[in-house]
Asks: 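The structure that follows is given in the form of structure tokens.
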Number of protein chains: 2
Amino acid sequence: MFEAAEIGNSIDKKVYKTEAPKTRGALLDMQRRMNERGLAVCVLIGGVEGAGKSETLNVLLEWMDPRGIQTHALRDPTDEERDRPYMWRFWRLLPPKGRMGIFLGTWYAQPMMDMFQGKPRADVDLMLDRAIEFERMLHAEHTLVIKIWLHLSKDAQDARLRELEQDSERRWRVTEADRLYRKHYDRIREIAEHTLRRTGSGESPWHIVEGADARYRQLTVAQIVLKRVNERLTQLAREASRPAPKPDRPKPAKINLLNRLDLSESLKRADYEKKLNRQQGRIAKLTRRLHRHGRSMALVFEGPDAAGKGGAIRRLIHAIDARDYQVVSISKPTDEERAHPYLWRFWRYVPGHGRMTIFDRSWYGRVLVERIEGFCRPEEWKRAYSEINEFEQQLFDSGCIVQKFYLNISPDEQLSRFKARQQTPYKQYKINDEDWRNREKWDAYEAAACEMIERTSSESAPWVLVEANDKLWARIKVLKAVADRLEESL
Amino acid sequence: MFEAAEIGNSIDKKVYKTEAPKTRGALLDMQRRMNERGLAVCVLIGGVEGAGKSETLNVLLEWMDPRGIQTHALRDPTDEERDRPYMWRFWRLLPPKGRMGIFLGTWYAQPMMDMFQGKPRADVDLMLDRAIEFERMLHAEHTLVIKIWLHLSKDAQDARLRELEQDSERRWRVTEADRLYRKHYDRIREIAEHTLRRTGSGESPWHIVEGADARYRQLTVAQIVLKRVNERLTQLAREASRPAPKPDRPKPAKINLLNRLDLSESLKRADYEKKLNRQQGRIAKLTRRLHRHGRSMALVFEGPDAAGKGGAIRRLIHAIDARDYQVVSISKPTDEERAHPYLWRFWRYVPGHGRMTIFDRSWYGRVLVERIEGFCRPEEWKRAYSEINEFEQQLFDSGCIVQKFYLNISPDEQLSRFKARQQTPYKQYKINDEDWRNREKWDAYEAAACEMIERTSSESAPWVLVEANDKLWARIKVLKAVADRLEESL
């Protein structure tokens, strides 16, 4: 697969002198249009040592308007990164709409290093497949991924490094890593071949570029970037003329997961107080173990308005050291959040080891309110199920205990709680016209919630359905479930 | 100073039942107005163990609209935090305009712990004075700081902890730390007294609240928050009617720091190539040492348009491993940046150990373009000098090597570069009407720059003035200065 990049491609000085300025002009024009259309671009630069990765990054930065570019050349993860899923560090660096992020050291670095160190191929392939999924999501979310691999033949690498080493002024450019990887050229070539073959299909192909001649390399990489971005901009222009998304109002089944819950479950106040203290005690002890075990926890609360999510959360955090949890109430995204892929705003709050994040509403908004109100396109909420499953699986794999609660109440109960809220001055802010409007779509919300629960329940991130007409019953059920899950996980 | 908080303040259940709902209503109304006026609020909760700090945080969260609140209960710093100035972790958590951040574990935690461990009083007092400076800056930048200290008498603390320990259901609330601090009650009281006395004046007084009675504590804290926020909102409403800021166009002196530079300095191409390689080699070797020494570097480039800042930066980074530097081009702030105090957007990019951040334009925009164009008020750019000096001092103290370059050219040289840019297609984006307009204010910019250099030059963050009419000369001067500074610092 690297043959075409070993034939000695080069560009002579004269051609370069006329081509480079043209290319720069085209790149700047491209940046302007990226900005107008809100297209984000990730340029990944990989390749063998000595092929000019770092120089390629510098040239791109030099030829474009640097205000639209962020460069990320990554070393080993920091401890904040190590405490979270592998992909967290990349999520936090994703460029916002209209900007370009250039990455040296990408999500392929770890799987390739693992292969080099002899990790079983199957495990590595799983990571590679994840990378493909990630890129598919980025593509769908208006982020173009351009993957460049700079190649050198063994001889060309030798020649390049020898040339540098013999030049007393430039010898410092050859690093220890260069010398190490040069020894293992054949092995690395094999690993690269496997990686590129497995991850080069579909929306984000690899572009292999011969790295021996600087002029050829620079112009070729720039041309690839230009071509891919312009193609995607044309596509997006076409897509922009599509009609606005329509609300989707599914009808509920006669009997479903939610309407078959026994909402008459209840608890007496005295019983409640005793049980509350008991469960809070368990949670207090167990959450302290999170630190020791290098684990974390993410809790999700969903359910109709006035189902008692806030009240349950308050009883829960009452048992936890305030330094160990964070409550995140999800409402409208900020501008920086809106400029990133949908899940970015939730990745921001992924807890580090020893800590817990409690989401009062969550990423499930995509398949509930956004679906029903027509805030996103059908293809967006439809693919959200698998994106969410993948997200939660990554949390689980990194040591995060995930648990999701759906608090359900009856329409009548909601009505009486709404009325009570209107009569209590300090609760009035909790209720507005929209809440009343949402009530009219009760059936659609219930049906969407059932579909959501069915499609996103898993061993690693289970849903707990909570009968919530009686607040006391609901709170104890939530607290006991959290304690049980902590106990079985630690 | 704690006497008034040891008299057994309490509120009976009946009063609480009528007062609490009123207070909640008032808090919600206050949040709405904070949002309208763009006021950010930091509530700091400190106090002795067992006085209910964590519960106070929970109650505030419960009584207000959680979507406007962020809570930050801090443990030990992470390594990303340890690698940077002490205040970095607080800067990154500052609430944006309209929001409230509630802090448990504040910038007072470290100095108080230091005192407890016997660090010399003078060193600690320096940290406390820094805290006061920081709060003064926050005040000026529309961020209100409310400092609450929850106090318990020794007997009340004993009683509280004993009560909990004897209750089998709630015993878990007493932690190891509680037991430790209880033993050292007198010492801690003394430390608290010193801290509060030294840092309690001016815009951000301490509010000492007796913590023994939960109802008293909750209502009192809420009332303090209400009162302080409402006062500040009234002040801001008054200030809002002030006239818009006026541009300030200082006249330059006949002879000043900049116009006395010898701009005829130049270098021959052959000389340049040799020197360039030499300095790049030095920088390559020296920057690798940053890691080993646990140091970092921040470089600032300022100067008129077309002075050659970008070109100098490119030659510089050519010598550095791409994983070790980041170039940050400063132009318009994002919305999230605009919602924070002025320096927040620069704190974002403070390098961790082993890394270098290169700012192409910087925080000095405040005393240059913002001053001259009237983008900020006179009091804002005037206080910026000391804010900037403080910022750079903190960088220096945390092991960051700071160096600032002012590249100067003559008006004629700028004119010919502007013309050349207009004739080179890929350079046209670099020049616009504003650049031409700025030329007309040349004298004012020069005078402002001279004042800036005089007021912000220091041993720990020196300015290097660069004669930049000859690009080759300028680049070598920059690279040599960086290499020299690295050498003397490592």
Side-chain angles (χ1 to χ4, degrees), chain A residues 21-25 27-28 32 53-55 57-58 61-63 65-67 69 71-75 78-80 96 104-105 169-173 175 274 277-278 280-281 284-285 310 314 317-319 321-327 329 331 334-336 352 354 360 424-426 428-430, chain B residues 21-25 27-28 32 53-55 57-58 61-63 65-67 69 71-75 78-80 96 104-105 169-173 175 274 277-278 280-281 284-285 310 314 317-319 321-327 329 331 334-336 352 354 360 424-426 428-430:
Chain A
K22 272 194 248 167
T23 307
R24 294 173 74 158
L27 284 168
L28 290 163
R32 202 181 35 72
K53 288 176 288 192
S54 192
E55 279 169 63
L57 177 142
N58 283 341
L61 194 59
E62 182 175 341
W63 284 5
D65 183 347
R67 285 164 297 186
I69 299 185
T71 64
H72 305 290
L74 303 176
R75 291 194 173 274
T78 65
D79 67 356
E80 291 190 24
L104 229 76
E169 297 282 5
R170 296 191 298 158
R171 189 177 297 149
W172 53 269
R173 289 191 183 276
T175 65
K274 234 178 85 184
N277 260 324
R278 168 126 206 287
Q280 286 182 334
K285 263 180 231 147
R314 279 197 294 278
I317 59 181
H318 210 65
D321 187 325
R323 286 167 304 176
D324 290 337
Y325 73 83
Q326 182 181 26
V327 178
S329 289
S331 54
T334 69
D335 289 353
E336 286 196 24
D360 186 352
T424 312
Y426 65 83
Q428 281 161 7
Y429 85 96
K430 286 189 173 185
Chain B
K22 272 194 248 168
T23 308
R24 294 173 75 158
L27 285 169
L28 290 163
R32 202 179 35 71
K53 287 176 287 190
S54 194
E55 280 169 62
L57 176 141
N58 283 341
L61 194 58
E62 181 174 341
W63 285 4
D65 183 348
R67 285 163 298 186
I69 299 185
T71 64
H72 304 290
L74 302 176
R75 290 193 173 277
T78 65
D79 67 357
E80 290 191 24
L104 228 78
E169 296 282 5
R170 296 190 299 158
R171 188 177 298 151
W172 53 269
R173 290 191 184 274
T175 65
K274 234 179 85 183
N277 260 322
R278 165 120 211 288
Q280 286 181 335
K285 263 180 232 150
R314 280 197 293 280
I317 59 183
H318 210 67
D321 187 324
R323 287 167 303 179
D324 290 337
Y325 72 84
Q326 182 181 25
V327 178
S329 289
S331 53
T334 69
D335 289 353
E336 286 196 24
D360 186 352
T424 313
Y426 64 83
Q428 281 162 6
Y429 85 96
K430 286 189 174 185

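The shown structure was predicted, so the numbers you read here are calculated from the model rather than taken from an experiment. Per chain, numbering begins at 1; letters A, B, ... match sequence-line order.
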Asks: Listed by chain and number, what are the side-chain contact (heavy atoms from CB on, under 4.5 Å) partners of A:T424, not counting sequence neighbours?
Replies: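 Partners of A:T424 under the side-chain contact (heavy atoms from CB on, under 4.5 Å) test: A:Y426, A:K427.
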
Asks: Which one, A:D321, A:T71, A:L74, leads in non-hydrogen pairs under 4.5 Å with chain B?
Replies: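 Between A:D321, A:T71, A:L74, the count favours A:L74.
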
Asks: Under a 4.5 Å cutoff for heavy-atom pairs, which residue among A:G25, A:G310, A:A322 has the most contacts with chain B?
Replies: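 Option with the top pair count is A:A322.
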
Asks: Using heavy-atom distances under 4.5 Å, tell me whether B:I317 contacts chain A through its side chain, its backbone, both, or neither.
Replies: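 Contact with chain A is through both the backbone and side chain of B:I317.
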
Asks: Under a 4.5 Å heavy-atom cutoff, which of B:L61, B:L57, B:D65 has the most pairs with chain A?
Replies: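 Between B:L61, B:L57, B:D65, the count favours B:D65.
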
Asks: CG/A:D324 to OG/B:S54 distance, rounded to the nearest 0.5 angstrom?
Replies: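 Rounded to the nearest 0.5 Å, the CG-OG separation comes to 9.5 Å.
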
Asks: Taking A:A319, A:G105, A:G354 one by one, which has the highest count of heavy-atom pairs under 4.5 Å against chain B?
Replies: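 Ranked by contacts with chain B, first place is A:A319.
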
Asks: Checking A:D335 against chain B: side chain, backbone, both or neither under 4.5 Å from a heavy atom?
Replies: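 Just its side chain gets close to chain B.
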
Asks: Check salt bridge (Lys or Arg N to Asp or Glu O under 4.0 Å) between A:R24 and all other residues, then give those that pass, not counting sequence neighbours.
Replies: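 A:R24 satisfies salt bridge (Lys or Arg N to Asp or Glu O under 4.0 Å) with no other residue.
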
Asks: Which bit of B:T334 is near chain A, if near means a heavy-atom gap under 4.5 Å: side chain, backbone, both or neither?
Replies: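 Just its side chain gets close to chain A.
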
Asks: A:W63 pairs by side-chain contact (heavy atoms from CB on, under 4.5 Å) with which of A:N58, A:L27, A:L28?
Replies: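 The passing option is A:L27.
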
Asks: Can you say whether B:I69 sits under 4.5 Å from chain A via the side chain, the backbone, both, or neither, judging by heavy atoms?
Replies: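 B:I69 has no heavy atom closer than 4.5 Å to chain A.
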
Asks: Examine whether an atom of A:R67 lies under 4.5 Å from a heavy atom of chain B, and if so say whether it belongs to the side chain, the backbone or both; otherwise answer neither.
Replies: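 It is both, since atoms from each part get that close.
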
